[in-house]
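Working notes, beginning with the structure itself.
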There are 2 protein chains.
Amino acid sequence: MPGSTRTPTLADVAAAAGVSLSTASLAFSGNKPVSASTRERVLAAAGSLGYTGPNPLARNLRQGRSGVVGIAVGPLSTAFRDPAALPMLDAVSEVLEAAGMGLLLMGDSVEHARLPLDAVIYQICGQETWAAYDDLVARDVPLVVVEGPAWPGATFIDIDHRAGAAAVAHHLHDLGHRRVATLTLQESHPQREREAGLREVFPDAVTIGRCVSDLAATQEMVSAFLDGEPDVTAVVCQSDVQAAGVVLEARRRGIDVPGGLSVAGFDGIDTPWLDLDLTTVVQPFAEKGRATARAALARTNDEPADDVVLPVELRLGASTGPTVSR
Amino acid sequence: MPGSTRTPTLADVAAAAGVSLSTASLAFSGNKPVSASTRERVLAAAGSLGYTGPNPLARNLRQGRSGVVGIAVGPLSTAFRDPAALPMLDAVSEVLEAAGMGLLLMGDSVEHARLPLDAVIYQICGQETWAAYDDLVARDVPLVVVEGPAWPGATFIDIDHRAGAAAVAHHLHDLGHRRVATLTLQESHPQREREAGLREVFPDAVTIGRCVSDLAATQEMVSAFLDGEPDVTAVVCQSDVQAAGVVLEARRRGIDVPGGLSVAGFDGIDTPWLDLDLTTVVQPFAEKGRATARAALARTNDEPADDVVLPVELRLGASTGPTVSR
DNA sequence: TTGTACGCGTTATCAT
DNA sequence: ATGATAACGCGTACAA
């Protein structure tokens with residue numbers, strides 16, 4: 001069929017099938033009943049014209065929605081290097097996909113904020129500001145914020161950081177520890193809450209430092225400390241990656257874990273490359289992701305979405321033990 | 001201003017500013033010159049009406065593009081657990097963001113294929129088929145395929161798997177190795193090419209098995225083999241994660257690396273948790289990502305995009321050494 | 001430099 | 001069950 005240059009539209013299909021535009025539309029959407037025979041005629045016409053279905057762009061304009069949810073995660077290699085982010089994101093994308101919605105990775109640019117997004121998820125652990133925020137608020141784009149920070153109008157999905165941290169602390173206290181040190185994350189809602197939970201039990205915990213959740217960075221940070229503070233019998237970390245770093249660095253310096261030092265983490269990630277099960281606080285990653293996606297979907301449909309705080313669970317591993325003087 | 005219920009449109013702004021619709025449009029897009037005074041009047045009117053800029057949905061329909069590129073990666077936790085995927089994706093998103101385009105994570109569902117995407121990147125190492133493919137082709141969505149499989153009409157971005165694998169093989173041969181074993185990935189273009197490169201030098205290499213790029217899975221797979229084949233002096237892997245798994249498992253069984261066994265990887269990822277630099281083939285992740293994004297952008301603009309094959313580089317580490325009988 | 005008028009391709013309302 | 005018609009909100013020839 002040479003010369004058929006323009007890609008066919010629904011109007012072309014309707015004409016070819018000898019039905020009205022609206023009937024052809026219904027034959028595709030199924031939003032109202034259409035007799036089997038006409039539907040067949042429409043689909044046949046579509047097939048012979050090479051019509052591949054309603055143009056998503058036009059549908060989007062008409063319906064006032066794009067079918068896309070943005071997720072603000074910052075630089076990918078930072079966001080996804082964190083093993084705690086993956087299972088959560090997996091659950092988010094699964095729920096959204098089941099609802100026919102796409103997930104768009106957003107950088108912190110106004111360009112991205114101006115894409116047609118039905119809702120935006122903020123999952124920027126540790127980053128407290130976001131340049132595109134004002135734009136989104138001005139455009140009334142529904143916001144779902146995972147683990148803070150507190151922004152008016154947003155739906156919050158969180159876990160009980162404080163209770164988890166307190167549970168770890170109590171566990172160590174029960175084991176006889178009295179002098180503990182802690183390694184904190186960059187200033188953020190989770191960091192503040194986890195620290196508060198720790199200090200419910202150990203108000204005087206020594207702060208080793210603030211450190212991103214990275215193995216090498218952690219090792220460097222704790223290196224000097226491990227030699228200098230023989231009184232400390234336990235180190236409480238704010239992530240499992242940090243805890244693994246402390247374990248590796250302690251061993252490198254001849255300190256046994258947990259014989260000479262107890263180490264606790266947070267998150268409950270897999271660490272197959274560590275031959276030791278960490279004592280840690282397990283978060284419900286999948287449920288956190290599902291709750292996040294559900295909230296985004298609800299707000300996309302102008303339904304209300306309640307804030308959520310999910311419980312966590314202390315998991316005892318082999319990285320903590322009774323106090324032993326060094 | 002109570003009662004102003006409808007969100008303002010460009011027409012409202014134009015009316016309020018006392019200019020025509022097209023002038024108001026130009027004041028925002030800057031596609032044609034507008035006198036400074038009128039532009040100011042338009043922007044002022046926009047401000048007082050709470051107009052937040054042209055509706056992206058309408059703009060998309062008008063311009064026939066969505067500003068979104070899809071990337072097919074399969075389940076996120078699988079795709080992103082692979083450390084080789086991150087730096088590449090990072091580069092992709094950086095280039096796209098600089099061009100004002102968004103990156104959408106696609107699952108293999110027709111729903112996702114029907115989202116308005118300007119182009120789709122396939123980065124599904126090891127998965128040879130993709131349900132949504134036919135839909136995309138039918139709708140003439142430009143396709144960019146990273147590391148195969150071969151699909152007509154798609155732009156290909158690849159690295160020189162075969163040369164890299166051959167370089168590793170030659171290195172081992174130079175060290176005196178004659179009897180080597182190999183651990184392969186799931187059937188795929190990279191797997192076939194890397195294997196071919198190895199067999200240019202070692203046609204009779206023993207295949208230990210086929211295994212995803214996962215530490216635990218690798219350790220399980222090589223466990224039995226390491227005891228059973230004392231003739232083998234080197235193991236060539238198709239990823240660094242596999243290589244790390246072999247190193248760890250060998251040590252666990254009392255075999256020194258490289259004293260008792262040489263191990264080579266592929267990719268050139270960071271392995272801070274391994275106290276040994278792997279001999280490996282370094283791929284240019286960032287450049288691969290940039291080339292991929294550039295191809296997607298070009299094809300979005302109906303420009304041609306040539307296929308790309310990037311060179312790789314052998315990096316000698318401490319995991320390979322001269323032959324020693326076990 | 002500014003205004004007029006049309007079309008992008010669809011879905012929703014209303015009537016038949 | 002089907003058809004006519006009106007938006008959806010914008011960009012851009014073309015004319016002035």
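Throughout, a chain's letter reflects where its sequence line sits, starting with A, and its residues are numbered from 1.
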Using a cut-off of 4.0 Å on non-hydrogen atoms, how would the nucleic acid contact of B:Ser35 be classed: base, sugar-phosphate, or nothing? sugar-phosphate
Atom CD in A:Gln191, atom CD in A:Gln186: separation rounded to 0.5 Å? 9.0 Å
Counting side-chain heavy atoms from C-beta on, which of D:dC10, C:dT2, C:dT11 comes nearest to A:Gln63? C:dT11
Check against salt bridge (Lys or Arg N to Asp or Glu O under 4.0 Å), B:Glu287 and B:Arg294: CA-CA 10 Å; B:Glu287 184 48 31; B:Arg294 280 194 301 260; 2.8 Å; yes
How close or far is atom C1' of D:dG9 from atom CZ of A:Arg139, stated in whole angstroms? 14 Å
From C-beta outward on A:Arg59, which listed nucleotide comes closest to its side chain: C:dT10, C:dG3, D:dG9? C:dT10
Quick one: A:Leu21 CG to D:dA6 P, roughly how many Å, whole number? 13 Å
Once you round it to whole Å, what is the distance between P of D:dA4 and CG of A:Leu26? 14 Å
Check the distance between D:dC8's P and B:Arg6's CZ and give it to me in whole angstrom. 7 Å
From NZ of A:Lys32 across to C1' of C:dA15 the rounded distance in Å is 11 Å
Using a 4.0 Å heavy-atom cut-off, does A:Thr38 contact any base of the nucleic acid, only the sugar-phosphate backbone, or nothing at all? sugar-phosphate
Among D:dA4, C:dT10, C:dC8, find the nucleotide with the atom closest to the side chain of A:Pro54. C:dT10
To the nearest 0.5 Å, what is the distance between CG on B:Leu49 and OG1 on B:Thr7? 11.0 Å
Just to be sure I understand the rule, does B:Asn31 reach a base, reach only the sugar-phosphate, or reach nothing, if contact means heavy atoms closer than 4.0 Å? sugar-phosphate
Give A:Tyr51 one of three labels, base, sugar-phosphate or nothing, depending on what nucleic acid heavy atoms sit under 4.0 Å from its own. sugar-phosphate
Enumerate the side chain to side chain donor-acceptor pair (under 3.5 Å) contacts for residues 20-29 of chain B, please, sequence neighbours excluded, ordered by first and then second residue. B:Ser20-B:Ser22, B:Ser20-B:Thr23
Could you please name the option among D:dT2, C:dG7, C:dT10 that lies closest to any side-chain atom of A:Thr23? D:dT2
With a 4.0 Å cut-off on heavy atoms, is B:Leu10 in touch with a base, just the backbone sugar-phosphate, or nothing at all? sugar-phosphate
Spell out yes or no: do the side chain of B:Ser22 and the base of D:dG11 have one donor N/O and one acceptor N/O closer than 3.5 Å? no
Classify the ring geometry of A:Phe80 against B:Phe80: parallel below 30°, tilted from 30° to 60°, perpendicular beyond 60°. parallel
Can you tell me which nucleotide in C:dG7, C:dT11, D:dT2 comes closest to the side chain of A:Arg62? C:dT11
Just the rounded figure in Å: distance from P of D:dC8 to CG of B:Asn60. 18 Å
Nearest-Å distance for atom pair CZ/P, residues B:Arg65 and D:dG11: 14 Å
What nucleic acid atoms does A:Thr9 come within less than 4.0 Å of, heavy atoms only: base, sugar-phosphate, or nothing? sugar-phosphate
Taking the side chain of A:Asn55 as its heavy atoms from C-beta onward, which of D:dG11, C:dG9, D:dA4 lies nearest to it? C:dG9
Rounding to a whole Å, what distance do you find between B:Leu61:CG and D:dC8:P? 14 Å
Separation of A:Asn55 CG from A:Thr9 OG1 (nearest 0.5 Å): 9.5 Å
